[in-house]
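What follows is a single structure, written as structure tokens, with notes after it.
Chain A is the first sequence line, chain B the second, and so forth, proteins listed ahead of strands; every chain is numbered from 1.
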Number of protein chains: 2
Amino acid sequence: MQEPTFLILTALVAGPQHGYGVISDVEQISAGRVRLRAGTLYAAFDRLQEEGLIVEDREEIVDGRVRRYYKLTDDGATRLAAEAERMRRHARAASARLRAAGLGGMA
Amino acid sequence: MQEPTFLILTALVAGPQHGYGVISDVEQISAGRVRLRAGTLYAAFDRLQEEGLIVEDREEIVDGRVRRYYKLTDDGATRLAAEAERMRRHARAASARLRAAGLGGMA
DNA sequence: TCATCATATATCGATGATCTTTATATGGGT
DNA sequence: ACCCATATAAAGATCATCGATATATGATGA
């Protein structure tokens, strides 16, 4: 699972959100470092729904525009937890080795 | 940076290694979970050398077969440290939210 | 008022990067 | 005769990026 996908799932843990809500949330989560493109997001929505990790929650009409909300499924939460664990393990392995080698820009 | 690339760099922190050495090392680092394909590896070697994150170290001939060793550059180590930090941050954000929501398969 | 511009929202298609799959080549060990 | 270690290459898949389009409302300004 790549970074944008991971962050989209993370955003949805906090409750159902629509496209643009996810975009701003991800920007916050990543401290402004990850700015999702609309194309990336909506393609990911389709794919994740296909995989059963998210589902459409509801639609609202606000100022004449549709807002489509998606929410995380149980499978989605389980999957996200597994991915987080995997990332933590890999990050730990890398840092341990960098420390052992006295390298690694921890200036 | 995707997972295979990250793990290849991690493997090289421990010192210069050749293709098949990296494959076994990555298998160890990831506790058997990530098994690099030859195609993935050699393509990544080319790309990472292009980017200046690794360099060719030396060649050996063992039993008539070439072994080409690569090693991490300083840029490579810095980059790996940054990626590890980024992953840790994202993993932490996801876990915090999952915990707050009482979800997340931490059975 | 009317035209224009910006904003929020969603959609689509082309392109690009990275990984997977599969096949090929070679020399030594069993 | 076959398997293993090692490297290379090409086709295909997946996912992300980039850039464009569409629509309705709100804001700006002549």
### Query
Taking atom P of C/dA8 as reference, at what distance in whole Å does atom CD1 of A/I61 sit?
18 Å
### Query
Is the distance from OP1 or OP2 of C/dA10 to the nearest side-chain N or O of A/Y42 less than 4.0 Å?
yes
### Task
Go through the steps to decide whether B/L7 and B/L36 satisfy the test side chain to side chain contact (heavy atoms under 4.5 Å, CB included), and finish with yes or no.
CA-CA 9 Å; B/L7 292 171; B/L36 245 39; 5.6 Å; no
### Message
Using modelled atom types and a 3.5 Å cut-off, is there a donor and acceptor pairing between side-chain atoms of B/R68 and backbone atoms of B/G19?
### Response
no
### Query
Nucleotide by nucleotide, 5' to 3', does protein get under 4.0 Å of the base (B), only the sugar-phosphate (S), or neither (-) in nucleotides 19-30 of chain C, counting heavy atoms?
SBB-----BS--
#### Entry: Atom-to-atom span, CZ of B/F45 to P of C/dT18 - whole angstrom
16 Å
### Task
Look at atom CZ of B/R58 and say whether more than 12 heavy atoms of other residues, nucleotides or ligands are closer to it than 6.0 Å.
yes
### Task
Starting at atom CZ of A/R68, determine the distance to atom C1' of C/dT11, rounded to an integer number of angstrom.
10 Å
### Summary
In whole angstroms, the gap separating P of D/dT8 from CG of B/D46 amounts to 8 Å
### Message
Test your reading of the model: is there a side-chain donor-acceptor pair from B/E83 to the backbone of B/F6, 3.5 Å cut-off?
### Response
no
### Query
How close do B/R33 and B/A31 get, heavy atom to heavy atom, and via which atoms?
NH1-CB, 3.0 Å
### Message
Are more than 12 heavy atoms, taken from residues, nucleotides or ligands other than B/Q28, located less than 6.0 Å from that residue's CD atom?
### Response
no
### Message
Does this structure show an ion pair linking B/R47 with B/E50, if we count only N-O contacts that are shorter than 4.0 Å?
### Response
no
#### Entry: Linked hydrophobic residues, B/V66 as query - side chain contacts closer than 4.5 Å
B/I61
### Task
Could you check how far CD of A/E50 sits from P of D/dA13, rounded to whole Å?
16 Å
### Task
Give, ordered by number, those residues of residues 15-33 of chain B having at least one heavy-atom distance below 4.0 Å to an atom of DNA chain C; if nothing qualifies, reply none.
none
### Query
Rounded to the Å, how far apart are A/R67 CZ and C/dT11 C1'?
18 Å
